[in-house]
Colleague: 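Please read through the structure below; I'll follow up with questions.
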Amino acid sequence: MIIEDFMSEVGETSIREKLVACLKSNPKTLPCIFFYDQSGSELFEKITKLEEYYPPKIEIPLLRSTAREFNGELKDCDIVELGSGDCSKISVFLDEVPEESRQTIVYYPVDVSREAIEKSGRTLQKKYPEMGLHGINADFLEHIEKIRGKRKRLFCFFGSTIGNLTEAKAMEFLKNLNSVMNKKDRLLLGMDMVKDIDVIERAYNDSQGITARFNKNILKVTNSHLRTDFNPDDFEHVAFFNKAYSRLEMHLRAKMDMEVTSPLLKESIILKKGEMIHTENSHKYTSGHIRKMADAAGLFLANIYTDEKKWFSLAEMVKR
Ligand code: AVJ
């Protein structure tokens with residue numbers, strides 16, 4: 001499989017600058033893209049299998065039924081999946097596509113993790129030897145305009161990953177995506193919906209503490225880039241629903257006063273006991289939000305596929 005590489009252009013210096021800026025801001029933050037090193041990706045895979053973590057349990061059957069409705073339209077199509085991860089979601093989708101259509105499909109997994117693309121690429125090659133494969137190692141927020149194609153395309157953005165973005169950023173992202181889309185292209189956008197707050201909070205505070213480990217892993221990734229000496233055990237995992245923003249927030253709360261140092265930094269990073277580092281937002285949507293976002297991006301909302309409890313939606317958007 002070919003893997004196009006846009007990540008190596010992102011220099012280590014700019015990664016460090018970004019991390020330092022986030023840790024110097026008030027309140028402190030860390031960009032959630034830094035969850036996903038190898039062990040972070042593995043922890044996330046474990047999360048998707050947790051009893052409390054409901055999104056995949058609903059999205060997967062929804063992908064299956066939606067794929068059936070899409071059937072005829074997938075012939076001679078390039079499927080571009082943003083944030084493809086372990087490719088388990090697209091597999092569910094592809095399983096519903098007849099082999100003679102699959103022969104005409106080229107699948108483009110786009111992910112920040114090259115290892116994830118290589119690993120899932122091997123699995124897909126075995127499973128669907130008749131299908132074309134072309135990996136793209138990129139950050140879809142930075143490199144979306146580089147993903148160009150000639151054929152009709154289906155952009156897939158599953159798992160409610162868009163929920164990591166603030167409303168403004170999500171709209172900007174959709175606008176950029178709209179500008180690279182051609183007339184016949186479409187987008188299938190997975191979105192986690194607003195529901196009972198207890199259900200949401202439970203999904204991010206699992207009893208086995210896997211989400212807590214996933215959250216703290218971002219400090220290990222930060223240490224490896226910045227040569228800082230964060231001790232993940234000195235932090236508490238905090239996850240709650242912020243109603244005003246309609247989002248689940250994850251934070252790391254310092255258990256004590258601390259001074260974090262690095263040979264690469266002139267000044268140390270000071271944290272007070274109880275201070276929080278904001279590590280992730282996971283927005284939860286209503287159909288009103290979905291419509292508003294499509295409108296703001298200049299896209300036409302062709303369809304919303306949802307489950308009977310309306311816990312998760314696949315929004316289908318096309319060019320106007
Ligand atoms: C991969 C961003 C969709 O927000 O639910 C899971 C990440 N964080 N548990 C989410 C996540 C904590 C997940 N997304």
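Not measured: the values here are computed from a predicted model. We're numbering straight along the sequence, starting at 1.
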Colleague: Could you tell me whether the side chains of Glu249 and His251 share a donor-acceptor contact shorter than 3.5 Å?
Modeller: yes

Colleague: Could you state whether Ile304 and Met171 fall into the same hydrophobic cluster, counting links through intermediate Ile, Leu, Val, Met, Phe, Trp or Tyr residues with side-chain heavy atoms under 4.5 angstrom apart?
Modeller: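 Ile304 clusters together with Met171.
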
Colleague: Output the distance between atom SG (Cys77) and atom CZ (Arg102), rounded to the nearest 0.5 Å.
Modeller: 14.0 Å

Colleague: Return yes if a side-chain donor-acceptor contact under 3.5 Å exists between Ser113 and Asp111, otherwise no.
Modeller: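 The answer is no; no qualifying pair exists.
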
Colleague: Indicate yes or no for a side-chain donor-acceptor contact from Asn137 to the backbone of Val112 under 3.5 Å, with no hydrogens or angles considered.
Modeller: yes

Colleague: Determine yes or no for a side-chain-to-main-chain donor-acceptor pair under 3.5 angstrom, with Ser246 supplying the side chain and Asn242 the backbone.
Modeller: no

Colleague: Hey, are Asn164 and Asn281 close enough side-chain-wise for a donor-acceptor pair under 3.5 Å?
Modeller: no

Colleague: When you compare the side chain of Leu252 with that of Met276, does any pair of heavy atoms fall below 4.5 Å?
Modeller: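 With C-beta onward as the side chain, the pair stays apart.
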
Colleague: Same cluster or not: Phe300 versus Leu187, using hydrophobic residues (I, L, V, M, F, W, Y) connected whenever any side-chain heavy atoms lie under 4.5 Å apart?
Modeller: no

Colleague: How many angstroms lie between OG in Ser120 and CD in Glu81, if you round to the nearest 0.5 Å?
Modeller: 8.5 Å

Colleague: Within the distance-only criterion (no hydrogens, no angle test), does the side chain of Thr161 pair as donor or acceptor with the backbone N or O of Phe158 below 3.5 angstrom?
Modeller: yes

Colleague: Under 3.5 Å, is there a donor-acceptor pair between the side chain of Thr66 and the main chain of Leu63?
Modeller: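 No; zero donor-acceptor contacts below 3.5 Å.
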
Colleague: Could you check Ile79 against Cys156 for side-chain contact (heavy atoms from CB on, under 4.5 Å), going step by step and ending with a plain yes or no?
Modeller: CA-CA 7 Å; Ile79 299 182; Cys156 296; 3.9 Å; yes

Colleague: Mark yes or no for whether Asp185, through its side chain, and Asn182, through its backbone, hold a donor-acceptor pair below 3.5 Å.
Modeller: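 It does hold such a pair.
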
Colleague: Heavy-atom count check: over 12 atoms from other residues, nucleotides or ligands less than 6.0 Å from Glu267 CD?
Modeller: no

Colleague: Name the orientation class of the two ring planes belonging to Tyr36 and Phe44 (parallel below 30°, tilted from 30 to 60°, perpendicular beyond 60°).
Modeller: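 Rings of Tyr36 and Phe44: perpendicular, over 60°.
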
Colleague: Could you check if a side-chain atom of His134 sits within less than 4.5 angstrom of a side-chain atom of Glu4, using non-hydrogen atoms only?
Modeller: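 The answer is yes; the side chains approach within 4.5 Å.
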
Colleague: Could you tell me whether Asp295 and Arg320 have a side-chain N and a carboxylate O separated by less than 4.0 Å?
Modeller: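 Yes, charged N to carboxylate O under 4.0 Å.
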
Colleague: Could you report the tightest heavy-atom contact between Leu299 and Leu174, atom names first, then the distance?
Modeller: CD1-O, 4.1 Å

Colleague: May I ask you to test the Arg202-Tyr53 pair for a side-chain heavy-atom distance under 4.5 Å?
Modeller: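 Contact flag for Arg202/Tyr53 side chains = no.
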
Colleague: Are His225 and Phe34 near enough that their ring centres are under 6.0 Å apart?
Modeller: yes

Colleague: So does Glu73 pair up with Arg186, basic N to acidic O under 4.0 Å?
Modeller: yes

Colleague: Going by distance alone, is a donor N or O of one side chain under 3.5 Å from an acceptor N or O of the other, for Asn178 and Lys319?
Modeller: yes

Colleague: What do the steps show when you test Phe140 against Phe157 for ring pair (Phe, Tyr, Trp, His ring centres under 6.0 Å), and what is the final call?
Modeller: CA-CA 10 Å; Phe140 50 76; Phe157 194 19; 4.9 Å; yes

Colleague: Assign the ring pair Phe235 / Phe230 to parallel, tilted or perpendicular, where the plane angle (0 to 90°) is split at 30° and 60°.
Modeller: tilted

Colleague: What I want to check is whether the side chains of Thr228 and Asn223 have a donor and an acceptor closer together than 3.5 Å.
Modeller: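 Side-chain D/A pair, Thr228 to Asn223: present.
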
Colleague: Taking the side chain as everything from C-beta on, heavy atoms only, tell me whether Phe155 gets closer than 4.5 Å to Leu188.
Modeller: no

Colleague: Between Leu30 and Met258, is there shared hydrophobic-cluster membership here, with clusters defined by ILVMFWY side-chain heavy atoms closer than 4.5 Å?
Modeller: yes

Colleague: Check whether NZ of the Lys or CZ of the Arg Arg153 lies under 6.0 Å from the centre of the six-membered ring of Tyr108 and within 45 degrees of that ring's axis.
Modeller: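 Arg153 over Tyr108 ring: no.
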
Colleague: Heavy atoms, side chains only, cut-off 4.5 Å: are Ile197 and Lys243 in contact?
Modeller: yes

Colleague: Roughly how far apart are Leu94 CG and Met131 CE, rounded to 0.5 Å?
Modeller: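 These two atoms lie 5.0 Å from each other.
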
Colleague: Return the minimal non-hydrogen interatomic distance between Lys310 and Thr306, and the atom names on each side.
Modeller: CA-OG1, 3.4 Å

Colleague: Under 3.5 Å, is there a donor-acceptor pair between the Lys46 and Thr48 side chains?
Modeller: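 Checked: Lys46/Thr48 side chains show no N/O donor-acceptor pair below 3.5 Å.
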
Colleague: Any link between Ile290 and Met181 through a network of hydrophobic side chains (Ile, Leu, Val, Met, Phe, Trp, Tyr) touching at under 4.5 Å?
Modeller: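 Yes, because Ile290 and Met181 connect within a single hydrophobic cluster, where side-chain heavy atoms sit under 4.5 Å apart.
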
Colleague: Less than 4.0 angstrom from a charged side-chain N to a carboxylate O is my criterion; do Glu275 and Arg253 meet it?
Modeller: no

Colleague: Would you say the side-chain atoms of Glu52 pair up with the backbone N or O of Ser207, donor to acceptor, closer than 3.5 Å?
Modeller: yes

Colleague: Where do His283 and Ser160 come nearest, in terms of heavy atoms and distance?
Modeller: O-OG, 4.2 Å

Colleague: Which heavy atom of Lys175 sits nearest a heavy atom of Ala297, and at what distance?
Modeller: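 In terms of heavy atoms, the two residues are closest at N-CB, 3.8 Å.
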
Colleague: Find the distance between CG (Asp206) and CZ (Arg213) and round it off to the nearest 0.5 Å.
Modeller: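 Those atoms lie 10.0 Å apart.
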
Colleague: Roughly how far, to the nearest 0.5 Å, is NZ of Lys309 from CE of Met193?
Modeller: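 If we round to the nearest 0.5 Å, Met193:CE and Lys309:NZ are 14.0 Å apart.
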
Colleague: Measure across Asp233 and Lys255 and return the closest heavy-atom pair with its distance rounded to 0.1 Å.
Modeller: O-NZ, 2.8 Å

Colleague: Go through Leu271 and Asp257 one step at a time and tell me if the side-chain contact (heavy atoms from CB on, under 4.5 Å) criterion holds.
Modeller: CA-CA 6 Å; Leu271 284 115; Asp257 288 351; over 6 Å; no

Colleague: Could you report the tightest heavy-atom contact between Tyr204 and Ser282, atom names first, then the distance?
Modeller: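 Nearest heavy atoms, Tyr204 then Ser282: OH-OG, 3.1 Å.
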
Colleague: CG/Leu165 to CZ/Phe173 distance, rounded to the nearest 0.5 angstrom?
Modeller: 7.5 Å

Colleague: Hey, does Arg227 have a side-chain heavy atom less than 4.5 Å from the side chain of Ser262?
Modeller: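 The answer is yes, as the side chains (C-beta and beyond) meet within the 4.5 Å cut-off.
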
Colleague: Answer yes or no: is there a donor N or O on one side and an acceptor on the other, between the side chain of Thr104 and the main chain of Asp76, under 3.5 Å?
Modeller: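 Between the backbone of Asp76 and the side chain of Thr104 there is a qualifying donor-acceptor contact (under 3.5 Å).
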
Colleague: Would you confirm whether Lys57, through its side chain, and Leu50, through its main-chain N or O, come within 3.5 Å as a donor-acceptor pair?
Modeller: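 Yes; at least one donor-acceptor contact below 3.5 Å.
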
Colleague: Applying salt bridge (Lys or Arg N to Asp or Glu O under 4.0 Å), run through Arg64 and Asp95 and close with a yes or a no.
Modeller: CA-CA 8 Å; Arg64 203 170 282 133; Asp95 279 344; over 6 Å; no

Colleague: Answer yes or no: is there a side-chain heavy-atom contact under 4.5 Å between Asp78 and Ile105?
Modeller: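 Sidechains of Ile105 and Asp78: no contact.
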
Colleague: Evaluate the criterion side-chain hydrogen bond (donor to acceptor under 3.5 Å, both in side chains) for residue pair Asn205 and Thr211; output intermediate values, then yes/no.
Modeller: CA-CA 7 Å; Asn205 289 287; Thr211 310; over 6 Å; no

Colleague: So do the side chains of Thr261 and Asp229 get within less than 4.5 Å of each other, counting heavy atoms only?
Modeller: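 The answer is yes; the side chains approach within 4.5 Å.
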
Colleague: Distance only, no hydrogens: is a donor on one side chain within 3.5 Å (strictly under) of an acceptor on the other, for Asp192 and Tyr54?
Modeller: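 Judged by distance alone, the side chains do pair up.
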
Colleague: With the threshold set at 4.0 Å, does a side-chain nitrogen-carboxylate oxygen contact exist between Glu115 and Lys119?
Modeller: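 Judged by the 4.0 Å cut-off on N to carboxylate O distance, Glu115 and Lys119 do not form a salt bridge.
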
